[in-house]
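This chain uses plain numbering: 1 for the first residue, then up along the sequence.
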Amino acid sequence: MITTVKNFIKQRVLKQSIAEISSVEAYDLWSKSYDAQPGNLMLDLDEYLFPKLLSTEIIKHKAVADIGCGTGRHWQRILDKHPFSLTGFDVSEGMLKKLSEKFPNAHTYKIIDDLFLDVRDATFNTIVSTLTIAHIPNIEVALKAWCRILKPNADIIITDFHPSLLAYGGKRTFKHNNTSLAVQNFVHSLSSMKNILGENGFIVINEEEIKIDETLAHYYINQNALAVYEQFKGFPAIYGIHLRRNNGTK
């Protein structure tokens, strides 16, 4: 239930004068500095959370798709587990270019829409998608497409900003030419995503979340944003979920 206090917090945050731009435009701009962000709270939390969900079992000798791959932050970690193949999907040409500079033999695919019509059915064993889901406008269409391009026995790992944080005004921001910009987000509840994937045979194997608490206060202090910390203290900041489909065949 949305309380009066939470509504007040949401309105205060939404009134901040930070321009919001599309994910395509944002990540093309952000790609130039994305890999040099010491002290970025969400990237640091994702670096901690993602390995807790990743296992050799779902990567080794498997065809893996990284949807929202960006500059390939997690690629070395995935490659170290010896996948059969690894394909990076992203909407941003700038991010894919940076990935290819780091991994010259990378197989990449620019996302034009969320249907993945150029990808054959049952192509991949595993999808990983980190800090991406909330950029997708129609989550039902996208997740059904993911299910189509996955094999009958398949795994999905997702991490992202927690929808509760986004619903109450949390923003994904970065600086470009000394100007703060926010990336457009869409709020997708965890229950709705689980329902969509559940209808396609997936069950939850593991689920994690990290809340904003005293251990994270220094991130806000370093950004001179202690007031923001006080606003969102106690909110879950990031979630991670591992789902698996087992239809009896490989």
Side-chain angles (χ1 to χ4, degrees), residues 1-3 5-16 18 20-21 23 26-27 30 33-54 66-71 73-74 77 95 128-136 139 156-175 180-194 197 204-243:
M1 182 175 66
I2 301 177
T3 66
V5 173
K6 287 178 178 177
N7 254 335
F8 174 70
I9 291 172
K10 181 179 179 181
Q11 292 305 314
R12 283 187 63 189
V13 176
L14 288 176
K15 287 179 180 178
Q16 293 176 352
I18 300 178
E20 185 175 89
I21 58 179
S23 57
Y27 284 104
W30 202 354
S33 60
Y34 196 81
D35 285 337
Q37 298 187 77
N40 183 302
L41 172 61
M42 294 307 296
L43 291 184
D44 287 355
L45 291 181
D46 191 55
E47 286 293 322
Y48 171 77
L49 187 59
F50 180 67
K52 295 181 68 175
L53 301 167
L54 193 68
D66 182 358
I67 297 181
C69 59
T71 64
R73 286 185 304 113
H74 293 300
R77 182 177 284 118
M95 298 295 259
V128 300
S129 182
T130 60
L131 304 184
T132 296
I133 280 285
H135 293 319
I136 301 172
I139 195 62
I156 297 175
I157 290 179
I158 297 168
T159 71
D160 203 7
F161 275 58
H162 200 284
S164 296
L165 187 67
L166 294 175
Y168 293 115
K171 290 179 180 291
R172 204 175 317 220
T173 62
F174 67 102
K175 284 195 173 182
S180 292
L181 298 171
V183 191
Q184 185 178 28
N185 285 298
F186 303 89
V187 179
H188 307 304
S189 71
L190 289 173
S191 60
S192 65
M193 290 190 290
K194 290 177 190 175
L197 293 171
V204 175
I205 301 298
N206 188 19
E207 188 171 359
E208 305 268 352
E209 70 174 26
I210 302 174
K211 292 184 177 181
I212 298 172
D213 61 17
E214 294 82 358
T215 65
L216 304 179
H218 65 280
Y219 284 95
Y220 296 88
I221 293 170
N222 292 340
Q223 296 294 324
N224 195 28
L226 191 56
V228 177
Y229 165 73
E230 294 296 342
Q231 287 175 346
F232 292 109
K233 183 178 178 181
F235 276 77
I238 189 173
Y239 72 91
I241 188 168
H242 172 203
L243 304 103

*Could you check whether the rings of Phe186 and His188 sit parallel, tilted or perpendicular, using 30° and 60° as the cut-offs?*
parallel

*Do the side chains of His74 and Asp46 get nearer than 4.5 Å, heavy atoms only?*
yes

*Distance (rounded to the nearest 0.5 Å) between Lys175 NZ and Ile18 CD1*: 9.5 Å

*Side-chain donor-acceptor contact under 3.5 Å, His135 with Asp160*: no

*Beyond-backbone contact of Arg77 with Glu47, side-chain heavy atoms, under 4.5 angstrom*: yes

_Taking every non-hydrogen atom, the tightest pair across Leu53 and Ile241_ = CD1-N, 3.6 Å

*Check whether any side-chain heavy atom of Leu131 sits under 4.5 Å from a side-chain heavy atom of Leu43, and report yes or no.*
yes

_Side-chain heavy-atom pair Leu45, Tyr219 within 4.5 angstrom cut-off_ = no

*Drop me the distance from Arg73's CZ to Met95's CE, to the nearest 0.5 angstrom.*
8.0 Å

*When you look at CD of Gln223, are more than 12 heavy atoms from neighbouring residues, nucleotides or ligands closer to it than 6.0 Å?*
no

*Looking only at heavy atoms, which two atoms of Ser192 and Ser189 are closest? And how far apart?*
OG-O, 2.7 Å

*asked:* So, using side-chain contact (heavy atoms from CB on, under 4.5 Å) as the criterion, who are the partners of Thr132 when residues are at least two apart?
replied: Ser129

*For residues Phe174 and Asn40, determine if any side-chain heavy atom of one lies less than 4.5 Å from a side-chain heavy atom of the other.*
no

_Under the rule for salt bridge (Lys or Arg N to Asp or Glu O under 4.0 Å), what residues qualify as partners of Lys211, not counting sequence neighbours?_
none

_Cation over ring face, Arg172 and Phe161, 6.0 Å, 45°_ = yes

*Can you see which heavy atom on Leu216 is nearest to which on Ile212, and at what distance?*
CD1-CA, 3.9 Å

*asked:* Rounded at 0.5 Å granularity, tell me how far OG1 in Thr173 sits from CE in Met42.
replied: 11.0 Å

*Which atom of Leu197 lies closest to which atom of Ile156, heavy atoms considered*: CD2-CD1, 3.8 Å

*Residue pair His162 / Ile238, side-chain heavy-atom distance below 4.5 Å*: no

_Any heavy-atom pair between the side chains of Phe50 and Glu208 that's under 4.5 Å?_
no

*Anything under 30° is parallel, anything over 60° is perpendicular, the rest tilted; go ahead and classify Tyr34 against Trp30.*
perpendicular

*asked:* If I take atom CZ from residue Phe232 and atom CG from residue Asp213, how far apart are they, to the nearest 0.5 angstrom?
replied: 15.5 Å

*asked:* Just verifying a value: how many Å separate Leu49 CG and Thr130 OG1, rounded to the nearest 0.5 Å?
replied: 10.5 Å

*Measure the spacing between CD of Gln231 and CG of Leu226 and express it to the nearest 0.5 Å.*
10.5 Å

